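A short write-up of the structure that comes next.
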Number of protein chains: 4
Amino acid sequence: MLEASKLPYENYAWERVLGACCENVIGFMPVPVGVVGSLVIDGKSYFVPMATTEGVLVASASRGSKAINLGGGAMTIVTGDEGDERHAFNSASRFAQLQRLRTTISGRNVYTQFKATTGGAMGMNMISKGVEHALHVMSTEAGFDDMNIVILSGNYCTDKKPPALNWIDGRGKGIVTGAIVPANVVRDILKSDVDSMIQMNVSKNLIGSAMAGSIGGYNAQAANLAAAIFIATGQDPAQVVESANCMTFMENYGGSPHISVTMPSIECN
Amino acid sequence: MLEASKLPYENYAWERVLGACCENVIGFMPVPVGVVGSLVIDGKSYFVPMATTEGVLVASASRGSKAINLGGGAMTIVTGDEGDERHAFNSASRFAQLQRLRTTISGRNVYTQFKATTGGAMGMNMISKGVEHALHVMSTEAGFDDMNIVILSGNYCTDKKPPALNWIDGRGKGIVTGAIVPANVVRDILKSDVDSMIQMNVSKNLIGSAMAGSIGGYNAQAANLAAAIFIATGQDPAQVVESANCMTFMENYGGSPHISVTMPSIECN
Amino acid sequence: MLEASKLPYENYAWERVLGACCENVIGFMPVPVGVVGSLVIDGKSYFVPMATTEGVLVASASRGSKAINLGGGAMTIVTGDEGDERHAFNSASRFAQLQRLRTTISGRNVYTQFKATTGGAMGMNMISKGVEHALHVMSTEAGFDDMNIVILSGNYCTDKKPPALNWIDGRGKGIVTGAIVPANVVRDILKSDVDSMIQMNVSKNLIGSAMAGSIGGYNAQAANLAAAIFIATGQDPAQVVESANCMTFMENYGGSPHISVTMPSIECN
Amino acid sequence: MLEASKLPYENYAWERVLGACCENVIGFMPVPVGVVGSLVIDGKSYFVPMATTEGVLVASASRGSKAINLGGGAMTIVTGDEGDERHAFNSASRFAQLQRLRTTISGRNVYTQFKATTGGAMGMNMISKGVEHALHVMSTEAGFDDMNIVILSGNYCTDKKPPALNWIDGRGKGIVTGAIVPANVVRDILKSDVDSMIQMNVSKNLIGSAMAGSIGGYNAQAANLAAAIFIATGQDPAQVVESANCMTFMENYGGSPHISVTMPSIECN
């Protein structure tokens, strides 16, 4: 395979890959990285890297950034983050800190979701260790000695799948962001008009998605942006599945559109 | 930016990137590619490339491939592909061939989904051109002169979002695949037993996902495999969102587990 | 039981109940029936009976009818009805006429949905007989002799449950209805104003329902009206579950609100 | 109308209906009430009244009760009930006691769900009064003086609609119930066999419902039973919409099927 592959494999820090994050390696896939911005968020300028081969994605995002900046930039509220509780989750981890449990019973099965802070890391592995330890204590010392552990992850997490649970309850980071794009910017930069944009957003992102039976997909093309940022920044692209779920809403705010994006379940480090 | 970036940018075919699939390029992100297999599908052996930094993903998939091969390999049925109709979709495209229309009315809005074959390409762009042309003909020659075109894509496609419509109706390719893993392979390679595997699959992939309000996420971790294959093969990683939706089911088939995966909406070239 | 029950049982046509539509009968539950209207639909006046104990439901519906009538009444489009095909479904029924089949494969299971006209009746029973006959022919004469029939109804109908399938594909009757309520009527009868009504509808029926993870519940309180009409007219109140699914939308139409209701799956005779 | 109506109206306690639970009354709809049982639940025998015109519903439920009783009856766990907190919700109600708030932000909208105990009543009205009072205090005394109250119910309750929120979070009463039906009873009374029943339940109630894109409809025909009990006992039949959502699961438990029903959102007094 290695000989026939046309993938590049020279000039790469293989010592950081092998035995750590990939196996049976035959080379690497170079994904071009473009840069969007600057984009003003909460008063500060950011450049946003995007790894993508989707033509005009970076250019479109740059045009959008310009329009947002001309209105003073975007403002954000963090609606979910798994906190900074004091007591350690358990002795299995120095970083994960248990925040809350969510339990559901279905027939004879019990599903428990452990929510924890993870000291900045995505932290699935450290949470898994903590859960394993907690279950061990429950079955040996806490009286649940007839408990049968079916599997560590019972799809009630829910990782890399699009359940309503993540949309409703949030997972990872939750963000609501808003920006006002001045009416003249809508006209000159976005080549649209305020009323049409607002009507289009309702028809497409609310009604169109609702008619298609979507839960969480109330947006235009968030997955492209999320995937490009995730790949450029070394996040897990499989978690784009739930991270890209969001609602884009536009309303007339004194003659200009107020545009908001509500993202309850961004899974990243 | 270019100067401060630590991304590699040498030894890359930039002439195929610039002006084609990325803008404001500052370098490339090298994603390591591992190879899984061989895996026997419908009697033939395949190697499957996966671009990922998720440790043990390639190794796990290789172990699974080995277990599947020992049972004779996987068999597949193609349940959806947008056909090979004769009449061209319209003059705007040499490749896209219209298969069927799906229309829904919501209040005063009409949403129409155009399904077409695209001669092997993913084909969003050629379908967009065809739709644009069709709408033009409708409003100028076909009597719908009071029709107000709100937007070309009304989220009833539905692209890169997880709606029930794609799960139920399919989009892109639909595949059902099955394999029998002999009981002794379950024990020796997968380190499990048949009854536990079958019970675990029901508790996790059916009940767990159902309790979490999932539509289409009836699987263990399909998104990681789909994302890794999509990136390694140049597919759009944003389309992992709906492509990874699938149901994994296991049942006892003469003492060994018959394992099936049902994937109705794989979006790829 | 009969002696202790305080339910009325006199003055009732028991001969039409016993052995036909209820068993172990101990009396009857008298549900008060109010009448709404008249309501002008497609130019004709109708009185609508509602059996309910929900106070002010009938009064509210009457006020709404008055407001609708003052704008000229409601207009309707039938978007779904299982047609009037010529060829009989099969010899098992004189009334049911097969319209189309919808088949999905999940692993080793095949689910087939039979859509038929039923000559005005709800027709579950006659369709069941037809399906039973069709499956018999398939397994005995049509070559599917290794087919194992698991159950007649595989929840892919889907009857009396709220699946996305019914919302997207329709079931029973599909109706889109619209009315323009003049701005002065909004002010004088509904005690509201046009802009507030439109904004409220988006915030509640679109965004609120979307945030709650609803599929099909994009309305204010359709289930009360549907249940009251179903009970008053002898329909199956269990089918309110999917029949009440609808989207209410309001938009400014020349200064007055155009209000539409989109109901894709009304299950009734 | 009254003259032309064929509905009975004599012998009815009209003084308890008029001005209280129905308007423009023209008579009553008599719904026949059958009785199921006795059914043993948690060691006690109950007769269950069902108001229905669905033939054989009562007879089927009676046969099921007999089968359940022969295995010793059903056991139940209450998984949700809005508690018995000490502090009164607010001065607007003597009964409603606030349990917890659930708030979500979508763009510039905030949706708040108030969960309260209601002293045995369904209590929508008393909660509405309490919420109205709380919002008044927030906007006048608590500093939220720029808050614009859009509507009292923002569909985030969610009442009489089938959102994932109710399925996941519960609403009203939550119950998990289980029963073991001895294998010989399965054979003699239910005319089936254990393995077929278990396989059928997975194929229909889990896979079939999942393929149809259902959230909460993982059951055979719960809505008929719920509607019949609700009408017979004076509950609001519109709340069958979410109350009937449940999962029926069957598993082999020492040679006999353990059958469980998980109902997270039963809305009743």
Side-chain angles (χ1 to χ4, degrees), chain C residues 1 7-8 11-12 17 20-35 47 51-55 58-59 104 106 109 111 150-151 154-156 158 160-165 200 203-205 207-209 211-214 217 221 223-224 227 231-232 236-238 240-241 244, chain D residues 1 7-8 11-12 17 20-35 47 51-55 58-59 104 106 109 111 150-151 154-156 158 160-165 200 203-205 207-209 211-214 217 221 223-224 227 231-232 236-238 240-241 244:
Chain C
M1 280 294 287
L7 287 175
N11 305 310
Y12 196 43
V17 170
C21 60
C22 198
E23 302 84 35
N24 301 354
V25 182
I26 58 168
F28 60 84
M29 167 62 71
V31 186
V33 177
V35 67
F47 287 95
T52 185
T53 57
E54 181 97 348
V58 170
T104 201
S106 180
N109 290 323
Y111 296 82
V150 176
I151 190 167
N155 272 15
Y156 201 70
T158 302
K160 301 169 195 176
K161 274 155 239 107
L165 176 59
M200 174 282 296
S203 294
K204 174 189 172 80
N205 290 336
I207 303 180
S209 290
M211 295 311 292
S214 190
Q221 212 68 307
N224 273 122
I231 296 174
D236 184 346
V240 170
V241 170
Chain D
M1 280 295 287
L7 287 175
N11 304 311
Y12 194 44
V17 171
C21 59
C22 198
E23 301 84 34
N24 302 352
V25 183
I26 58 168
F28 61 84
M29 168 62 71
V31 186
V33 176
V35 67
F47 287 95
T52 185
T53 57
E54 181 96 351
V58 170
T104 200
S106 180
N109 290 322
Y111 296 82
V150 177
I151 191 168
N155 273 15
Y156 200 71
T158 302
K160 301 167 194 177
K161 275 156 239 105
L165 177 59
M200 175 282 296
S203 294
K204 174 189 173 82
N205 289 337
I207 302 180
S209 289
M211 295 310 292
S214 190
Q221 210 69 305
N224 273 122
I231 296 174
D236 185 347
V240 169
V241 170

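Lettering follows sequence order; numbering is per chain, from 1. Side chains are part of it too, since the values below use all heavy atoms of this structure and drop only hydrogens, waters and symmetry mates. What you see is a predicted model; the values in this text were computed from it and never measured.
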*Under a 4.5 Å heavy-atom cutoff, which of D/G34, D/A51, D/G217, D/P30 has the most pairs with chain C?*
D/P30
_Top contributor to chain C interface from D/T158, D/I151, D/L7 [non-hydrogen pairs under 4.5 Å]_ = D/I151
_Distance check, rounded to the nearest 0.5 Å: D/M211 atom CE versus C/S106 atom OG?_
4.5 Å
Between [X] and chain C, with a heavy-atom cut-off of 4.5 Å, which part of the residue counts as in contact: side chain, backbone, both or neither?
X: D/T53; result: both
X: D/V17; result: side chain
X: D/K204; result: both
X: D/N224; result: both
X: D/S203; result: both
X: D/A227; result: side chain

*asked:* Between C/L165, C/V241, C/N205, C/V31, who has the most heavy-atom pairs with chain D when the cutoff is under 4.5 Å?
replied: C/V31
*asked:* Looking at chain D, which one of C/S209, C/A232, C/A244, C/A20 has the largest number of heavy-atom pairs inside 4.5 Å, strictly under?
replied: C/S209
Nearest atoms (heavy-atom pairs only) where [X] meets [Y]:
X: D/V150; Y: C/M200; answer: CG1-CA, 3.7 Å
X: D/P163; Y: C/A212; answer: CB-O, 3.2 Å
X: D/Y12; Y: C/P32; answer: OH-CD, 3.1 Å
X: C/I231; Y: D/P237; answer: CD1-CG, 3.6 Å

Which answer fits [X], side chain, backbone, both or neither, if we ask what part of it has an atom under 4.5 Å from a heavy atom of chain D?
X: C/A223; result: both
X: C/P8; result: neither
X: C/T52; result: both
X: C/I207; result: both
X: C/A59; result: both

*Between C/V240 and D/V240, is a side-chain contact (heavy atoms from CB on, under 4.5 Å) present by the stated rule, with each step listed?*
CA-CA 8 Å; C/V240 170; D/V240 169; over 6 Å; no
